[in-house]
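A note on names: the letters A, B, ... follow the listed sequences, proteins ahead of strands, and every chain is numbered from 1.
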Protein chains: 2
Amino acid sequence: MQHEVPSAGSREKVLEVAEALFARRGFAGVGLREVAETAGLGKSSLFHHFKGKVQLYFAVLERVLRRMDLCLQPLFAAAIAPAARLDAVIDGLIDTLVEHPGSARLLLRALFEDDDFAPETLSEAEPTERILESLIARLDALLREGVAQGVFRPVSTPHMVQTLIGATVYHFASGDFGETLLGSPLCSSEQVRRRKDELRALLHHGLTAPAVVPSGG
Amino acid sequence: MQHEVPSAGSREKVLEVAEALFARRGFAGVGLREVAETAGLGKSSLFHHFKGKVQLYFAVLERVLRRMDLCLQPLFAAAIAPAARLDAVIDGLIDTLVEHPGSARLLLRALFEDDDFAPETLSEAEPTERILESLIARLDALLREGVAQGVFRPVSTPHMVQTLIGATVYHFASGDFGETLLGSPLCSSEQVRRRKDELRALLHHGLTAPAVVPSGG
DNA sequence: GTCTATACTACGATAGAC
DNA sequence: GTCTATCGTAGTATAGAC
């Protein structure tokens, strides 16, 4: 029973190819012809899998978000202290972003491009919005819990969510710029580890050095 | 000598319009026809001011970066302690991002889109790269100075640069998403002030609450 | 030198016939 | 699942009006 399943295989292949292209060049910058040919299909064959470009885009986005959700859900649900849970969630988020190149960019684009999509296609965006909202809600709830327990400072949790997104999603979306800045590939295991450590340290201590007790003068 | 200077006026108008459009939809998502007509010109008239789309794009980007550079340069040069200088730079950066809507998005795009521009047009990007590099270099130097003086923890300065970009540029580029998250306009004076305070507090203290001395058991 | 009109080529998304 | 057609619009070049 190892016969080819061209339709399912094609769909996956298309989604994979489209994910990379949309991540690199954004919605407007990608042509269906390019997607189709890279996936080894004729341009029009795409329409047997996706009704149009918008549908393909949201299918790609939804797949990415589902992947993240599946990865993060157990971490959010772990029965451990908020501080440790936040660390685990951040590590997990970074891991998914690294594991699936393009995720970070695609997500970043989805976050900051107030996509002016046609009114008719708004319903296509709904599933992705739902997943995204639930992820954000979980993160916000985790922060609130920590604040309520007094283990976190009384921060504005939405602002902290934004900061965390910037520190993770933006970082791993920053491509050549980030790579030049760091001097080595963003997704090298060394730099990934570094990123986790730096972010964790920032959250635990801030940037300023621990205050020294004025002893000698 | 107050006579109209139509060419300079048109050029400025085009740059203004193009800045907003490129910020909203990115390079590929903008048509020259739309730019021209919004600026009150015929499509072909653009080509008397800019050789092509790529040149227009980089002209816009360069203008944005120059504006930022002009604003931040004195702040970087201030003869005050690194910690206070960093605070001033961050506040100044946020102020420019807020003052010129679109700056944040345009900059964010420029940072994470490894623009696959034609080999011939690479020279157009050079001035913008120079300004950007100098800004980053100054920020990195400031962080290094603080670390050297022992007022900052021994952080990886490139990673901290990335975090700061995320916390400022991404935040103010996040549009509807950020606005929904915060519950009020990103650029409202209240939320801007909040952003500065939250970021400053994060840098000074981290997220975790100040450790309580175990007194009562 | 500054703007405009028209034309050209390429490619976009989509639809219907095989 | 592929091929070809359609039709709009993209970016660009040329020729001309102020």
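The NZ-P distance, from B:K51 to D:dG11, rounds to 17 Å in whole Å. To the nearest angstrom, P of C:dA15 lies 10 Å from CD of A:Q55. Taking atom NZ of A:K53 as the reference point, atom P of C:dC11 lies 15 Å away to the nearest angstrom. Between the CG atom of B:L56 and the C1' atom of D:dA10 there is a distance of 15 Å, rounded to whole Å. Counting to the nearest Å, the P atom of C:dT2 and the CZ atom of B:F50 are 12 Å from each other. What separates NE2 of A:H48 from C1' of D:dG1 is a distance of 6 Å, to the nearest Å. Taking atom CD on B:E37 and atom C1' on C:dA5, their separation rounds to 13 Å, with Å as the unit. Between B:L46 atom CG and C:dT2 atom P there is a gap of 14 Å when expressed in whole angstrom units.
With hydrogens and angles disregarded, a donor-acceptor distance shorter than 3.5 Å links the side chain of A:S188 to the backbone of A:Q191. Using a distance-only test at 3.5 Å, with no hydrogens or angles considered, a donor-acceptor pair links the side chain of B:R195 to the main chain of A:H159.
Using a 4.0 Å heavy-atom cutoff across all strands shown, B:V30 reaches sugar-phosphate atoms only and no base atom.
Closest to the side chain of B:F47, out of C:dT14, D:dG1, D:dT12, is D:dT12. Each of D:dG11, C:dC11, D:dT2 was ranked by its minimum atom distance to the side chain of A:R33; first place goes to C:dC11. Among C:dC3, D:dT2, D:dT12, the nucleotide with an atom closest to any side-chain atom of A:S45 is D:dT2. Relative to the side chain of B:L41, the nucleotides C:dT14, C:dT4, D:dT12 differ in distance, and C:dT4 lies closest.
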Table please: side-chain donor-acceptor pairs of residues 34-44 of chain B below 3.5 Å, with sequence neighbours left out.
from, atom 1, to, atom 2, distance (Å)
B:E34, OE1, B:R25, NH2, 2.5
B:E34, OE2, B:R25, NH2, 2.5
B:T38, OG1, B:E34, O, 2.6

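Using modelled atom types, one finds a donor on one side chain and an acceptor on the other under 3.5 Å when comparing A:S134 with A:R138.
In the interface, the side chain of B:K43 is not paired with the base of C:dT6 through any donor and acceptor atom under 3.5 Å apart. For a distance-only test at 3.5 Å, the side chain of A:S44 qualifies as a donor-acceptor partner of the base of D:dT4.
For B:H49 and C:dC3, the shortest distance from a side-chain N or O to OP1 or OP2 is below 4.0 Å.
Ion pair A:E19/A:R67 flagged as a salt bridge, since at least one NZ, NE, NH1 or NH2 atom sits closer than 4.0 Å to an Asp/Glu carboxylate oxygen.
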